[in-house]
Amino acid sequence: MTRDTSDREDEADSTERAVPDGGTAAEDGADDVALDPWGSATIADYRKLFEEFGIEEFDEVLPEVPDPHYLMRRGVIFGHRDYRRVADAMVNGEPFAALSGFMPTGDPHIGHKLVFDEIIWHQQQGGDAYALIADLEAHSARGMTWDEIDTHARDYLLSLLALGFDPEEGTLYRQSGDRDVQDLAFELGSEANFSELENIYGFSGETSVSHMQSVVTQMADILYPQLDEPKPTVIPVGPDQDPHVRLARDLAARMGYFGVTKAYASFEADEEERELLAAAYAALSDEAEAAGDGEPVRCEDAADWIADEMAPDDARDSVVSKLREAGKEPLRPRVRFLDRNATEEAFEALIGAVEGEKRVFEEHIDSFDLSREEAEQLAREVELDHGGYGFVAPSSIYHRFMTGLTGGKMSSSVPASHISLLDDPEDGYDKVKAATTGGRETAEKQRELGGKADECPVYELYAYLLTGDDDEFAKEVYDECVGGERLCGDCKEQAAQLMQEFLEEHQEKREEVEDLLEQADIELDSQRKRS
Ligand code: TRP
Ligand code: SF4
C-alpha cells in the first residue's frame, strides 16, 4: 500500500479512474473494483481482483514459502503476482529483492506498518531490501511542499528503522535524489506513451507532465533492484498499486532483447490462438500416435479440427486461416525467441547459443529441444552479455486494507479512524476504546450468538498488529469472540492496552534509531527551491 486509504479521500472527487486492463474490464461491477493509485481505495470485493484483474490467491503459494510471515499465514496478504519466483529463490538460497515506496504525505500509521514489516521480513529472509521515499510523486500528484515532504520522509524512515530495517544491509533512497533511478525512468519512458497512461490511469490533457514523470519514476523504482543483476523482486503494496505493477511487468518485457513464447508452427500466433493450437495439437497427436504410421499432425488437419470443435470467434477464424495457409507443414510444439530489441550481434549470438534442433527465421528462432525456462534463461544470458538489462518480471504481494476504527475506511482526515505511529500512546488507547466493534447490542445476545469478529475493526487490530507473531493468541481472541465468551468491553480494554504499549515501545525505538538514520545513506533535506 505504501500510501493507504487514509490519504485518498482527500483527493477531491478524482476523475482519474484506473481501468487497469486497458478498458476491457467486464462492464458488470467493474466500477466497484477499479484500482486507482490516486483515487479512493475501498475494495468492495476482493474476489473480483482475482477474477477480473488476474491477481492470484496468496494461499495457493503459501505452502511454498519458508517460514511465512504472520500476515501471510492470516490471510492479510491475500494476493500476489508471480510470487512463486521469489519463494523459489528463498528456498534455493538464490538472490532476490523486496522493494516498496512511501509517499510522504502525512504521518506513517498502522497501515504503513504492514508494508514496513513486509520489507523487513524479506530482508531477514536474506533478500536485498529497498525502501524509497516517493517525494516526486508526493510533490507532483499531491502538491506537497518540499518542507512537508522532508518532515514526513524523516518520520517514515524512523518508523521503518525502529521496526527493524537494517540500513547497512538494505538500501534507502528518495526518488528525487537518485540519478540511477532517474536514468532508468528515462529509458523506460521510451517504451510507454501517453495513450497507454491515459488508458491505465485515466490521465488526460490536464495531467501535469511531472505527474507522468512520477509514473515512469515508479516504474524505475520497481526495477531498480535489478540494475546490477536481474533477480526476482517482490513489491509489497496494497491492491490499488496493481496498475503500476502490471505496467512495470509489461515494460520489463518490452525492454528485453528477446521475447520467449510457445509456438506450434512457423507462423506467428497470439495468446488466444496459441490456446487453440495447443488444444488441437493435444487431440490430434494422440490420434496420430494411436495410428502408429509415423505421420505427423499437419497444419491443415488442425485447421479442420479447430473449425469443427471450437465455437466461431475472431481467434478461431484467424488461426484456421493461418493453418490452412501453412497446409502440409507439420504442427510441432516449440519454444520461440522473438527479436524485440536485440542488436544484430546479440541475435547472432543467440542463434549460436541455442543447442539442439532449431530453425532460424528473419525475426525469430524456434527451438525444439529447450524448455521454456531454459529458453528464458538463455535469452537473458545473451542479453546481459550484450549490454542489456535482462530484467526478470517483478512480482508483487497485496495486503488487505484495514477497516477504519470508526467503521468505514481509514482516512487521515478522520483522525479517530486510524492510529498514527506518532500518536500519543494515550490517544492510541482512547481511540481503540472508542472503536466500533462487531459486537451484539447486549451482553446477553453476545453470549448467546457470539460476536462478529470477521466484521470487527478491533479484531483486525489483534490480527494485523497486536498479537504479533503469536497465532495462538490471535486464534484465542477469535474463538472466544465468536463463541460468545469474550465481551467487547474487556476485549477493547485489552486491545487498547496493547496498543498503548506498542506505541510507547515504538516511539522509544524511534528515538534510539535517530543516529542510525543520520548515518544512513539518504539525503534528509531537500535541496530544492520552494515551489
Ligand atoms: N505510488 C506509491 C504510493 O502511492 C509509492 C511508490 C513509489 C511505490 N514508487 C514505488 C510503491 C515503488 C511501490 C514500489 O504510495
Ligand atoms: Fe470485536 Fe472483541 Fe467485540 Fe469480538 S469481542 S466483536 S473481537 S471487540
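Start at 1 and go down the list; that is how both ligands and their atoms are numbered. Note: hydrogens, waters and symmetry copies are ignored here, and every other heavy atom, side chains too, is used. Residues: numbered from 1 along the sequence shown.
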task: Heavy-atom contacts with Gln175 under 4.0 Å: which atoms of ligand 1 show up? List them by number with element.
output: 7 (C), 9 (N)
query: Between Cys456 and ligand 2, which part of the residue brings a heavy atom under 4.0 Å of the ligand: side chain, backbone, both or neither?
result: side chain
message: Give the atom numbers and elements of ligand 1 that come within less than 4.0 Å of a heavy atom of Ser100.
response: 13 (C)
- request: Can you pull out the closest protein heavy atom to atom 2 (Fe) of ligand 2? Residue, atom name and distance to 0.1 Å, please.
  value: Cys491 SG, 2.3 Å
- prompt: Hey, looking at atom 2 (C) of ligand 1, which of Met103, His112, Gln241, Met219 has the closest heavy atom?
  reply: Gln241
Gln446 contact mode with ligand 2 (heavy-atom cut-off under 4.0 Å): side chain
Contacting atoms of ligand 1, where contact means under 4.0 angstrom from a heavy atom of Leu99: 12 (C), 14 (C)
- request: Check if Glu455 has a non-hydrogen atom at a distance under 4.0 Å from any atom of ligand 2.
  value: no
message: Return the closest protein heavy atom for atom 3 (Fe) of ligand 2 as residue, atom name and distance.
response: Cys488 SG, 2.3 Å
field: Any N/O pair His244/ligand 1 closer than 3.5 Å
entry: no
statement: For Ile235, the ligand 1 atoms with a heavy-atom partner under 4.0 Å come out as 13 (C), 14 (C)
- prompt: Relative to the heavy atoms of Ala134, which atoms of ligand 1 are at a distance of less than 4.0 Å?
  reply: 5 (C), 7 (C)
Nearest-0.5 Å distance that lies between atom CD in Gln182 and atom OG1 in Thr217: 4.5 Å
message: Counting non-hydrogen protein atoms only, what is the nearest one to atom 4 (Fe) of ligand 2? Give residue, atom name and distance.
response: Cys481 SG, 2.3 Å
